[in-house]
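What you see is a predicted model; the values in this text were computed from it and never measured.
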Amino acid sequence: MIPRTIHVIWVGDESKRPDNCIDTWRQQNPGWQVRVWGNEELGSYGWINSKHMRDMAKRELNGVADLMRWEILYHEGGFVVDADSICQRPLEPWLFEGEACACWENELVRPGLIAAGYVASKPENPFFGQMILDLQNQPRVDDRMAWQSVGPLFLTECHRMHQYTDLTIWPSHFFIPRHFTGAEYSGGGLVFADQAWGSTLNNYNELYKRKVA
């Protein structure tokens, strides 16, 4: 079973952590535990790919969060969501009936790309264990953009390479109704969250002050 724990990762300047966004997950999902991972956990958890994390920290902190994400999913299980995501409605139990799930980033402007910002799994899932090993076997991961080397492209490539068939991939509008390119979902389907694109749009300096709920 996928544990009813929502994990949020925020490393770097904790004075700018978007607690306003994180609180929306607590408010909408009182039956879930919300666990925030920060600088203290980054330094103390005993990460398998800690060297990659140190190297990536010099380039992109969102890449550090991605590296942490895969190990959290493997060791803890649960649902890892981006810190700049805003929950719009309670999560439905049927979303998490399988052993792992994610969503597409956007079917129209980035077809085939699995988003890294909303991924859930049962603990000790062999697929995420293999992803961690694949990263460990890489001499370096900071030679490309983080979304390519450790984020959504890496997740997508691993999904194809290892032919992992137990990953349920939900429509993008469930969690990413507005893409950073401007593409926006206008249908009547369920929308569980919205995405502020903090790293992509470089808006973390003001996001934590914004009224989001």
Side-chain angles (χ1 to χ4, degrees), residues 1-50 52-54 56-57 59-91 95-96 100-103 115-125 128 131-132 135 146-147 150-152 155 174-176 192-213:
M1 294 291 294
I2 296 175
R4 294 311 189 245
T5 303
I6 297 167
H7 301 279
V8 184
I9 305 164
W10 180 265
V11 292
D13 186 350
E14 292 189 345
S15 70
K16 295 179 180 177
R17 187 177 66 195
D19 289 328
N20 51 341
C21 298
I22 297 169
D23 283 344
T24 64
W25 291 96
R26 293 190 181 96
Q27 293 158 7
Q28 294 283 1
N29 303 283
W32 287 64
Q33 176 191 5
V34 176
R35 185 172 176 184
V36 180
W37 299 69
N39 297 324
E40 181 179 347
E41 290 77 13
L42 175 59
S44 65
Y45 189 71
W47 308 96
I48 294 169
N49 284 308
S50 57
H52 286 331
M53 292 176 189
R54 289 193 297 272
M56 184 60 79
R59 175 171 182 146
E60 293 179 68
L61 288 175
N62 56 290
V64 178
D66 282 331
L67 286 160
M68 294 170 68
R69 183 189 320 270
W70 311 130
E71 298 198 30
I72 291 168
L73 284 167
Y74 180 75
H75 291 294
E76 308 287 337
F79 186 30
V80 184
V81 304
D82 278 348
D84 60 344
S85 63
I86 301 155
C87 190
Q88 303 284 2
R89 61 180 294 145
L91 295 168
L95 288 166
F96 307 98
C101 65
C103 73
Y118 305 89
V119 185
S121 176
K122 66 177 187 179
E124 299 184 359
N125 184 325
F128 293 104
M131 286 179 63
I132 295 165
L135 287 165
W147 78 269
V150 297
L155 171 61
F174 276 16
F175 300 103
I176 314 174
F192 293 98
D194 198 3
Q195 180 76 26
W197 298 100
S199 298
T200 306
L201 301 181
N202 195 27
N203 64 18
Y204 275 128
N205 287 330
E206 58 84 24
L207 178 61
Y208 71 101
K209 305 174 187 176
R210 190 185 301 175
K211 183 176 176 60
V212 297

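- The two residues Tyr208 and Pro18 come nearest to each other via the heavy atoms CB-CA, 3.9 Å.
- For the pair Trp10/Asp19, no side-chain contact is recorded, criterion being any heavy-atom separation below 4.5 Å from C-beta on.
- The distance from the CG atom of Asn39 to the OG atom of Ser44 is 10.5 Å, given to the nearest 0.5 Å.
- Between Trp147 and Asn62 there is no side-chain heavy-atom pair separated by less than 4.5 Å.
- Between the side chain of Arg4 and the backbone N or O of Ile2 there is at least one donor-acceptor pair closer than 3.5 Å.
- Nearest heavy atom pair, residue Leu155 against residue Ala116, reads CD2-CA, 4.3 Å.
- Judged by distance alone, with hydrogens and angles left aside, the side-chain atoms of Trp25 form no donor-acceptor pair with the main-chain N or O of Trp32 at under 3.5 Å.
- With hydrogens and angles ignored, the 3.5 Å screen pairs no side-chain donor or acceptor of Asp84 with any backbone N or O of Cys21.
- Across all their heavy atoms, Gly63 and Ala146 have their closest contact at CA-CB, 3.5 Å.
- Under the rule for a salt bridge (charged side-chain N to carboxylate O under 4.0 Å, His left out), Arg59 has no partner lying at least two apart in sequence or in another chain.
- Going from atom CD1 of Ile176 over to atom OH of Tyr118 covers 5.5 Å, rounded to the nearest 0.5 Å.
- The shortest side-chain heavy-atom distance between Arg17 and Val8 does not fall under the 4.5 Å cut-off.
- In this structure, Glu71 contributes its side chain and Met68 its backbone to no donor-acceptor pair below 3.5 Å.
- Taking each heavy atom of Gln195 and Ser85 in turn, the nearest pair found is OE1-CB, 4.1 Å.
- To the nearest 0.5 angstrom, Ile132 atom CD1 is 5.0 Å from Ile48 atom CD1.
- Residues that satisfy the ring pair (Phe, Tyr, Trp, His ring centres under 6.0 Å) test with Trp197, not counting sequence neighbours, are His179, Phe180.
- With Asn29 contributing its side chain and Leu91 its backbone, the two residues share a donor-acceptor pair below 3.5 Å.
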Contacts under 3.5 angstrom, residues 72-81 side chains, donor-acceptor by atom type, not counting sequence neighbours:
| unit_1 | atom_1 | unit_2 | atom_2 | d |
| --- | --- | --- | --- | --- |
| Glu76 | OE1 | Arg35 | NH1 | 3.2 |
| Glu76 | OE2 | Tyr45 | OH | 2.7 |

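- The two residues Ile22 and Ala83 come nearest to each other via the heavy atoms CG1-O, 4.2 Å.
- Between Gly12 and Leu61, the shortest heavy-atom contact is CA-CD1, 3.8 Å.
- The distance from the CD atom of Gln88 to the OG1 atom of Thr24 is 7.5 Å, given to the nearest 0.5 Å.
- Between atom CG of residue Leu42 and atom CH2 of residue Trp47 there is a gap of 7.5 Å, rounded to the nearest 0.5 Å.
- With salt bridges taken as basic N to acidic carboxylate O contacts below 4.0 Å, one links Arg69 and Asp82.
- Residues passing the ring pair (Phe, Tyr, Trp, His ring centres under 6.0 Å) test with Phe192, sequence neighbours excluded: Phe174, Phe175.
- From Met53, atom CE reaches atom CG of Asp66 across 10.0 Å, with rounding to the nearest 0.5 Å.
- In this structure, the salt bridge (charged side-chain N to carboxylate O under 4.0 Å, His left out) partners of Glu206, at least two apart in sequence or on a different chain, are Arg210.
- Not a single donor-acceptor pair under 3.5 Å links the side chain of His52 to the backbone N or O of Leu67.
- Qualifying side chain to side chain donor-acceptor pair (under 3.5 Å) partners for Asn205, counting only residues two or more places apart in sequence or in other chains: Lys16.
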